[in-house]
Amino acid sequence: MSAAEHDAAQRAAAMVTIVGAGPVGTLLALLLTADGHRVRLLERRADPRTSAPERGRSINLALAARGLAALARAGVLERLQPELVAMRGRQLHDRNGQGLLLPYGQRPDELIYAVDRARLNRVLIEAAVNVPLIELRFGWRATDVDADSGRVSWKDASGLDFTDEGADLVIAADGAGSALRHALQQRGLLRATEDALAHDYKELHIPAPADGGWPLEPQALHIWPRGEFMLIALPNPDRSFTATLFLPAQGRDSFATLVDPAAARAFFAREFADALALVPDFDAQFAAHPQGQLGTLYCWPWHVRRVLLIGDAAHAIVPFHGQGLNCGFEDCVLLAELLARERGLQAACARFEHLRRPNTDAIAAMAIENYREMRDTVLAPDFATRKQLSLELERRFPGRFIPRYSMVMFHADIPYAEAQRRGALQEGVLDALLAAGAGADWPLAARLLAEASL
Ligand SMILES: Cc1cc2nc3c(=O)[nH]c(=O)nc-3n(C[C@H](O)[C@H](O)[C@H](O)COP(=O)(O)OP(=O)(O)OC[C@H]3O[C@@H](n4cnc5c(N)ncnc54)[C@H](O)[C@@H]3O)c2cc1C
């Protein structure tokens, strides 16, 4: 057998265990089986097709070009289309309830899409159950892994402990609190740290009005920026919205001071009066809904012998660029490509980590920066001017100047690290143009772009 035939045989024969049938684990299972791998996909929760969704993380989330491209590649985008609500910009709300819509991009297809997390997961699971190469089980919780043999220890729904027969590759797609990552960390096989954000979040449901309309402009992501904190709201296909309050955990205006629904109501009446008016059962919701924590996870390495961490298990980030899942989906596409073209599973995993880490580090940093932009910088007097100038530069210098937000959200072909690098250079160009009082001086703009090698 030639080396090429041997490699091809090894790839075709790969048996892969994926821990966690969340969006990343399930999408990866679809991509790997399309290439002929056999996948054992196990999930600790009950089957979402027959049980109510478990809440805890966000109820809906935003998908952009990277996530959509991955879903299309796995053949599920069409099935998801009816669940998507297009958002074409940020609708800002001041304390008087006045709104300003800032478009995200300038081409008709430069939109982001809100989707219900549980519906998205369900569409992926429904696709996976029809694939003979995927063995899908629910109610199985991974507790440990042996990185040498690829054997995973499980607790099944009845509480029985069990160790499986092993796999060529074990993918930990078990989310930010990954049990497999903890198991490897406890054995000293990897290091992981979490930078907790000092701000927590709480979600509130804005119901659809009885008159058949929408409670807020439907084609927008709504933001109530207030400097140190903010409220946002994303549309749902049923004309309701999911609002999320991001607020410091401690301090003067903080979750610690909102000790009861009455205090929370007074705070909302002061800061977000127009939103408060849209939540008739505010007190009950505020008391009942959990207060979630946020943070950025850094983990080294992701690849330990037969185990590879992916998605949030490897690099959970704060949600302010709406990219955590988009990034996890992009992981899946790259990994599937590498498994198809690299010589052997170990080489593919090592290459995956090498190629992917600069990009996940970049989006982690940009997501934190975007929090400041959403809650604070948008209030600055020159914010709208900068955004408009950026879009005008993109029109006049196509391909050479693409606003960083657009690179991240609409250009799946531009890696995150490249978007971050070019974005920093572009900021310098914008600063210089605005400082020269020459927002419309295009020859100067051309010179500055050339000097920045853009
Ligand atoms: C408030 C908030 C808003 C967000 N908004 C956005 C957004 O707008 N856009 C975006 O792209 N991203 C967003 N994200 C990030 C996004 O939710 C995550 O990046 C994404 O869910 C990660 O997917 P995952 O499959 O890696 O992990 P998860 O979604 O956490 O799935 C992990 C799966 O593994 C299972 N599991 C866990 N432990 C075990 C175990 N021991 N054994 C077996 N199974 C196990 C879980 O039950 C789950 O099904 C947001 C996150 C938050 C918190």
Side-chain angles (χ1 to χ4, degrees), residues 17-29 40-48 51 53-68 70-71 87 112-118 120-122 124-125 136-145 152-157 170-183 197 199-203 221 232 234 242-246 289-297 309-332 360 363-364 367 370-371 374 408-409:
T17 298
I18 300 181
V19 178
V24 168
T26 313
L27 186 93
L28 183 64
R40 184 190 293 135
L41 175 62
L42 293 109
E43 164 61 43
R44 81 174 165 186
R45 288 189 284 209
D47 186 340
S51 59
E54 193 181 277
R55 295 303 193 191
R57 314 209 75 193
S58 65
I59 288 167
N60 56 10
L61 44 78
L63 284 176
R66 294 166 205 270
L68 296 172
L71 288 161
M87 300 181 288
I112 59 176
Y113 296 88
V115 66
D116 181 287
R117 172 189 295 275
L120 166 64
N121 215 65
R122 200 178 154 144
L124 288 165
I125 295 284
L136 177 57
R137 299 228 183 124
F138 295 96
W140 285 56
R141 183 164 65 82
T143 54
D144 202 356
V145 63
V152 180
S153 301
W154 304 91
K155 199 178 265 305
D156 74 8
V170 176
I171 306 279
D174 50 346
S178 171
L180 261 50
R181 191 184 67 238
H182 286 302
L197 199 74
H199 295 214
D200 289 352
Y201 72 97
K202 188 183 279 262
E203 291 187 330
L221 191 156
I232 68 166
L234 272 72
T242 305
T244 310
L245 170 67
F246 295 97
H289 293 184
Q291 180 178 329
Q293 278 80 45
L294 299 164
T296 308
L297 174 84
L309 274 60
I310 194 169
D312 271 19
H315 48 67
I317 59 177
V318 295
F320 305 110
H321 221 306
Q323 280 292 311
L325 182 56
N326 285 279
C327 175
F329 280 172
E330 203 174 53
D331 282 2
C332 299
T360 59
I363 189 58
N370 221 43
Y371 186 31
M374 287 175 85
V408 170
M409 303 305 272

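Note that the structure is a prediction, hence the values are computed from the model and not measured. Numbering of ligands and ligand atoms starts at 1, following listing order.
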Do any N/O atoms on [X] end up under 3.5 angstrom from N/O atoms on ligand 1?
X: E43; answer: yes
X: A21; answer: no
X: R44; answer: yes
X: A179; answer: no
X: V24; answer: yes
X: G322; answer: yes
X: R117; answer: yes

Please classify the [X] to ligand 1 contact at 4.0 Å (heavy-atom distances, strictly less than): side chain, backbone, both or neither.
X: V19; answer: side chain
X: P319; answer: side chain
X: A142; answer: both
X: A173; answer: backbone
X: Y201; answer: side chain

Please check if the side chain of [X] supplies one atom and the backbone of [Y] the other of a donor-acceptor pair under 3.5 Å.
X: K202; Y: H289; result: yes
X: E203; Y: I59; result: yes
X: N121; Y: A21; result: yes
X: S178; Y: D174; result: no
X: R181; Y: A313; result: yes
X: R44; Y: K155; result: no
X: T17; Y: V170; result: no
X: N60; Y: A114; result: no
X: D47; Y: F138; result: no

**OP:** Could you tell me how the ring of H199 sits relative to the ring of Y371: parallel (under 30°), tilted (30 to 60°) or perpendicular (over 60°)?
**Re:** perpendicular
Do L120 and L325 have side chains that get closer than 4.5 Å, going by heavy atoms?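 In short, these two side chains touch, coming nearer than 4.5 Å.
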List ligand 1 atoms under 4.0 Å from [X], heavy atoms only on the residue side.
X: A62; result: 7 (C), 8 (O), 9 (N), 10 (C), 11 (O)
X: Q323; result: 9 (N), 10 (C), 11 (O)
X: R45; result: 46 (C), 47 (O), 48 (C), 49 (O)
X: R141; result: 41 (N), 42 (N)
X: N326; result: 10 (C), 11 (O)
X: G20; result: 34 (O), 35 (C), 44 (N)
X: G324; result: 10 (C), 11 (O), 12 (N), 15 (C), 19 (O)

> Rounded to the nearest 0.5 Å, how far does CG of L197 lie from CD1 of I317?
Replying inline: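 Taking CD1 in I317 and CG in L197, the distance rounds to 12.0 Å.
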Value for CD (E330) from OG1 (T360), rounded to nearest 0.5 Å, stands at 10.5 Å
- Touching ligand 1 at all, W140? Heavy atoms, strictly under 4.0 Å?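 Yes.
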Have a look at D331, I112, D312 and point out the one with the heavy atom closest to atom 18 (C) of ligand 1.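 It is D312 whose heavy atom sits nearest to atom 18 (C) of ligand 1.
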